[in-house]
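Have a look at the structure below, then the notes.
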Amino acid sequence: MTAPETQLARVAQLLELNRLEQALDEVNRLPAALAASPAAFRLRAATLTGLDRWDEVVAVARQGLAETGPDAELLGRLGLALRHRREFAPAERALLDALAIEPENPWLLCQYADLCSSVGQTDKAERLVARAAAIVPDAPAVFASRFQLAYARGDDRAAERISREFLGAWPANPAALALHGVAAARRGRVGTAHRAFGQAVAHDPTDADYAEAAWETRVYAHPLLLPLRPLYRLGILRTWLLAIGVVVLLNLAGLDLLAGLFGLAWALFCVWSWIAPPLVRRMVLGRWRS
């Protein structure tokens with residue numbers, strides 16, 4: 001292996017180990033001739049993608065395309081970054097250009113599916129995910145796209161089922177753990193969500209989103225917020241409608257005293273739901289920083 005190949009392999013290895021800052025340092029130290037190669041642009045864009053530095057991904061991808069010509073991976077990175085910047089039309093153009101080069105690339109198909117899910121084109125997203133799944137059914141990108149599609153359709157149960165399948169296939173994958181945490185949190189299981197996000201952080205301590213989610217679910221898993229679990233599980237609107245329905249039914253049944261007691265308990269519950277979360281957040285933050 002030549003010296004340039006060794007340097008690029010070192011960056012790729014760091015990227016595979018999720019040591020993103022080190023990978024970025026290495027790619028920034030490449031000699032000028034090597035830094036302008038298609039492989040170097042791909043590695044730089046992939047590293048910046050892992051760090052969620054979307055503006056820089058856009059700049060690097062565009063520079064690489066301008067200097068080295070059409071490249072499916074760089075176009076895919078460009079489309080992904082533009083989607084995160086909510087620039088949907090140019091994101092679609094980049095992804096279509098990428099798929100014109102590699103029409104059966106599962107990662108590109110999933111990126112296009114995620115874009116379609118983001119803009120409500122769920123039927124199109126489903127077809128794209130199906131194409132990707134036919135090629136590599138257990139790829140993390142396929143699971144993630146299926147999860148996003150389920151949420152775009154408002155199907156929390158399907159999303160939770162997909163997250164369990166993802167975690168079963170990839171038990172140490174931080175994205176699988178994080179999506180399991182998201183699904184659990186949406187279903188009101190904040191304890192499970194906190195454990196899942198904590199494990200995601202343990203596997204990928206560089207991801208700020210995982211750390212933030214682990215901290216937030218740590219707040220909502222606190223014992224003082226246990227009475228609010230039905231609110232998290234059912235949502236504010238359904239909880240209010242349920243409470244009003246109970247009061248009305250008790251009144252219709254002539255149980256005015258019970259209706260009054262329930263109304264008082266509901267009022268106290270509402271007050272607690274307003275004051276407890278910021279109080280617990282301050283308590284947990286203090287311990288987090290100590």
Side-chain angles (χ1 to χ4, degrees), residues 14-21 23-24 46-54 57 76-77 79-81 83-86 106-107 109-111 113-118 125 129 132-133 136-222 225 229 232-233 235 281 284-285 288:
L14 289 169
L15 186 58
E16 187 175 349
L17 293 172
N18 207 37
R19 291 159 63 178
L20 300 175
E21 294 290 353
L24 189 58
T47 303
L48 292 168
T49 298
L51 294 168
D52 295 342
R53 289 160 61 169
W54 304 118
V57 175
R77 298 288 175 191
L80 170 61
R83 173 171 65 84
H84 278 276
R85 297 202 325 189
R86 305 189 66 80
W107 180 75
L109 290 167
C110 287
Q111 292 307 314
D114 291 347
L115 174 63
C116 292
S117 294
S118 297
V129 173
V136 280
D138 290 335
V142 170
F143 281 115
S145 292
R146 289 175 57 208
F147 182 90
Q148 182 166 325
L149 175 59
Y151 268 134
R153 287 177 163 166
D155 193 343
D156 290 1
R157 291 183 183 276
E160 187 174 32
R161 174 179 52 79
I162 292 165
S163 75
R164 288 196 299 267
E165 293 173 3
F166 190 3
L167 193 59
W170 299 87
N173 186 296
L177 289 161
L179 291 185
H180 184 61
V182 169
R186 289 285 292 265
R187 302 283 290 168
R189 290 191 278 275
V190 291
T192 299
H194 176 58
R195 289 190 293 274
F197 284 123
Q199 290 174 321
V201 171
H203 285 90
D204 184 4
T206 65
D207 194 298
D209 290 336
Y210 296 164
E212 178 66 20
W215 177 82
E216 192 68 22
T217 50
R218 184 182 182 184
V219 170
Y220 286 98
H222 195 281
L225 299 187
R229 295 288 176 87
Y232 307 146
R233 184 179 293 270
R281 183 174 282 105
V284 171
L285 180 60
W288 187 282

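Along the sequence shown, the residues carry numbers beginning at 1.
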Between CZ of R157 and CD1 of I162, what distance do you get to the nearest 0.5 Å? 14.0 Å
I need the minimum non-hydrogen distance between T47 and L20, along with the two atoms involved. CG2-O, 3.3 Å
Donor-acceptor pair, side chain of Q111 and main chain of L80, under 3.5 angstrom: no
Is R86 close to S118 at the side-chain level, that is, under 4.5 Å between some pair of heavy atoms? no
Does a side-chain heavy-atom distance below 4.5 Å link V142 with P137? no
Side chain to side chain contact (heavy atoms under 4.5 Å, CB included) evaluation trace for V182 with F197: CA-CA 8 Å; V182 169; F197 284 123; 3.8 Å; yes
Identify the heavy atoms of A172 and H203 that sit nearest to each other, and give their distance. O-CD2, 3.3 Å
Can you tell me how far the CG atom of D114 sits from the NE2 atom of H84, to the nearest 0.5 Å? 8.0 Å
Main-chain N/O of R83 paired with W54 side-chain donor or acceptor, under 3.5 Å: no
Which atom names give the shortest non-hydrogen contact between P174 and A200, and what distance separates them? O-CB, 3.6 Å
pair T192-H180: side-chain heavy atoms closer than 4.5 Å: yes
Is the shortest heavy-atom distance from the side chain of V129 to the side chain of L109 under 4.5 Å? no
Supply the atom-to-atom distance S117 OG to R146 CZ, rounded to the nearest 0.5 angstrom. 12.5 Å
Could you tell me which non-hydrogen atom of A184 sits nearest to which non-hydrogen atom of A193, and how far apart they are? CB-N, 3.8 Å
Quick check: closest heavy atoms across A125 and A113, and the distance to 0.1 Å? CB-O, 3.4 Å
F147 and F143: aromatic ring centres closer than 6.0 Å? no
Verdict with supporting geometry, L51 and E21, side chain to side chain contact (heavy atoms under 4.5 Å, CB included): CA-CA 8 Å; L51 294 168; E21 294 290 353; 3.7 Å; yes
Under 4.5 Å between any side-chain heavy atoms of D156 and Y151, yes or no? yes
Can you tell if the side chain of Q199 reaches within under 4.5 Å of the side chain of L167, non-hydrogen atoms only? no
